Amino acid sequence: MHPFRGSATYNCAVSAQTPAPGQLSPDGAWRWDGHQWVPTGAQTYPAARARSGPGRWIWWVAGGCSVLLVLGIGLGIFGGVQLAKRFQEGSLSCLPPDFPRYSGATITRDYTYFGTNVAPGDSRECQESLTSQDDAAAVSAFYESHLSSGDWTITSNDTSNGAIHFARRSQPRTVGTVQLLGRGEHTDIEIRLDS
């Protein structure tokens with residue numbers, strides 16, 4: 001053995017500060033028993049790096065998109081229901097706002113035609129179909145009364161086929177027909193208005 005090597009080791013050991021018995025190493029894996037370092041039995045692991053990689057934010061983005069999708073579907077359903085309700089109440093009808101509306105009737109069809117498919121001299125035709133749980137006599141009485149007042153006038157009433165022809169007083173070219181079809185316990189109402 002080289003003489004200097006032993007003395008250098010000795011000098012280093014002598015010059016190093018001796019730990020107190022029972023002292024733990026900085027990593028907690030070793031304990032000084034007064035003579036030597038002995039394992040404590042505790043396992044040490046390298047410090048885990050904080051997970052800041054793409055995995056965490058992808059879950060946040062996916063969660064946010066899922067919430068937006070559910071909200072979008074919910075709002076779409078709500079909007080569709082409200083639109084259908086407004087349509088059945090007549091808010092989206094092609095008929096003028098002052099046209100008589102039979103209470104409790106449900107709109108089943110509403111069409112507006114422009115241009116070549118309308119009567120000669122007209123530029124627009126509105127066709128609306130409704131159904132009512134009332135009989136044809138009650139529905140007929142309503143239209144006979146309401147189309148004889150305000151800006152509306154009856155031009156002819158054919159009770160044999162249930163057709164009431166009417167016109168607008170302020171605009172004589174605006175004319176139309178209410179056709180009533182009794183279906184037992186309910187009545188179908190077909191309205192056509194040319195303007």
Side-chain angles (χ1 to χ4, degrees), residues 54 57-195:
W57 69 266
I58 285 176
W59 287 107
W60 280 104
V61 169
C65 289
S66 298
V67 168
L68 289 175
L69 180 64
V70 169
L71 283 174
I73 290 171
L75 289 174
I77 291 171
F78 177 76
V81 168
Q82 292 301 315
L83 185 65
K85 185 176 177 184
R86 288 185 61 198
F87 175 75
Q88 289 185 346
E89 291 173 349
S91 300
L92 301 176
S93 172
C94 63
L95 294 171
D98 65 335
F99 190 82
R101 304 204 179 275
Y102 192 76
S103 179
T106 302
I107 299 174
T108 57
R109 183 178 64 112
D110 188 272
Y111 291 115
T112 302
Y113 299 101
F114 292 95
T116 59
N117 292 334
V118 299
D122 295 331
S123 60
R124 176 179 173 266
E125 179 179 285
C126 167
Q127 292 184 8
E128 188 170 279
S129 300
L130 304 97
T131 185
S132 171
Q133 297 304 314
D134 297 337
D135 62 15
V139 177
S140 179
F142 169 82
Y143 281 109
E144 287 172 8
S145 168
H146 287 80
L147 287 174
S148 297
S149 62
D151 198 24
W152 303 100
T153 182
I154 293 177
T155 56
S156 68
N157 187 356
D158 187 354
T159 55
S160 63
N161 66 6
I164 303 170
H165 301 279
F166 61 89
R168 187 184 276 277
R169 292 179 201 267
S170 61
Q171 297 171 343
R173 292 185 57 148
T174 301
V175 296
T177 304
V178 174
Q179 181 79 46
L180 305 175
L181 306 167
R183 304 283 188 199
E185 295 182 6
H186 73 278
T187 303
D188 290 339
I189 307 164
E190 299 287 334
I191 301 171
R192 192 187 82 205
L193 178 70
D194 295 324
S195 57

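Every value quoted in this text rests on a predicted model; they were computed, and no experiment measured them. Only this structure's heavy atoms are used, side chains among them; waters, hydrogens and symmetry mates stay out.
Contact check for Arg101 versus Leu130: no side-chain heavy atoms found under the 4.5 Å cut-off.
Under the side-chain hydrogen bond (donor to acceptor under 3.5 Å, both in side chains) criterion, Ser66 pairs with no residue, sequence neighbours left out. The ring pair (Phe, Tyr, Trp, His ring centres under 6.0 Å) test applied to Tyr102 returns Phe142, not counting sequence neighbours. Residues satisfying the side-chain contact (heavy atoms from CB on, under 4.5 Å) criterion with Leu71, sequence neighbours excluded, are Val67. Contacts of Asp134 classified as salt bridge (charged side-chain N to carboxylate O under 4.0 Å, His left out), with partners at least two apart in sequence or in another chain: none. Partners of Val70 according to the side-chain contact (heavy atoms from CB on, under 4.5 Å) rule, which considers only residues two or more places apart in sequence or in another chain, do not exist here. In terms of the side-chain hydrogen bond (donor to acceptor under 3.5 Å, both in side chains) criterion, residue partners of Glu190 (sequence neighbours excluded) are, by chain and number, Arg109, Ser129. By the side-chain hydrogen bond (donor to acceptor under 3.5 Å, both in side chains) test, Thr153 pairs with no residue at all, sequence neighbours left out.
Remark: side-chain polar atoms of Gln179 are paired, donor with acceptor, to backbone N or O of Asn161 under 3.5 angstrom.
A pairwise comparison of heavy atoms in Ala136 and Thr187 identifies N-OG1, 3.0 Å as the closest pair. Between Asp158 and Ser160, the closest heavy-atom pair is OD1-OG, 2.5 Å. Between Val175 and Ala167, the closest heavy-atom pair is CG1-CB, 3.9 Å.
Residue pairs that meet the ring-ring contact (aromatic ring centres under 6.0 Å, His included) test with at least one member in residues 166-195, sequence neighbours left out, are Phe99-Phe166, Trp152-Phe166. Sequence neighbours left out, the pairs with a member in residues 143-154 that pass salt bridge (charged side-chain N to carboxylate O under 4.0 Å, His left out) are Asp151-Arg168. The disulfide bond (SG atoms under 2.5 Å apart) pairs that include a residue from residues 124-195 are Cys94-Cys126, where partners are two or more places apart or lie in different chains.
From His165, atom NE2 reaches atom OG1 of Thr155 across 6.5 Å, with rounding to the nearest 0.5 Å. Taken to the nearest 0.5 Å, the OG1 atom of Thr131 stands 7.5 Å off from the CD1 atom of Ile189. Arg169 CZ to Thr174 OG1: the interatomic distance, rounded to the nearest 0.5 Å, is 14.0 Å. Taking CD1 of Ile73 as the reference point, atom CG of Leu68 lies at 11.5 Å (rounded to 0.5 Å).
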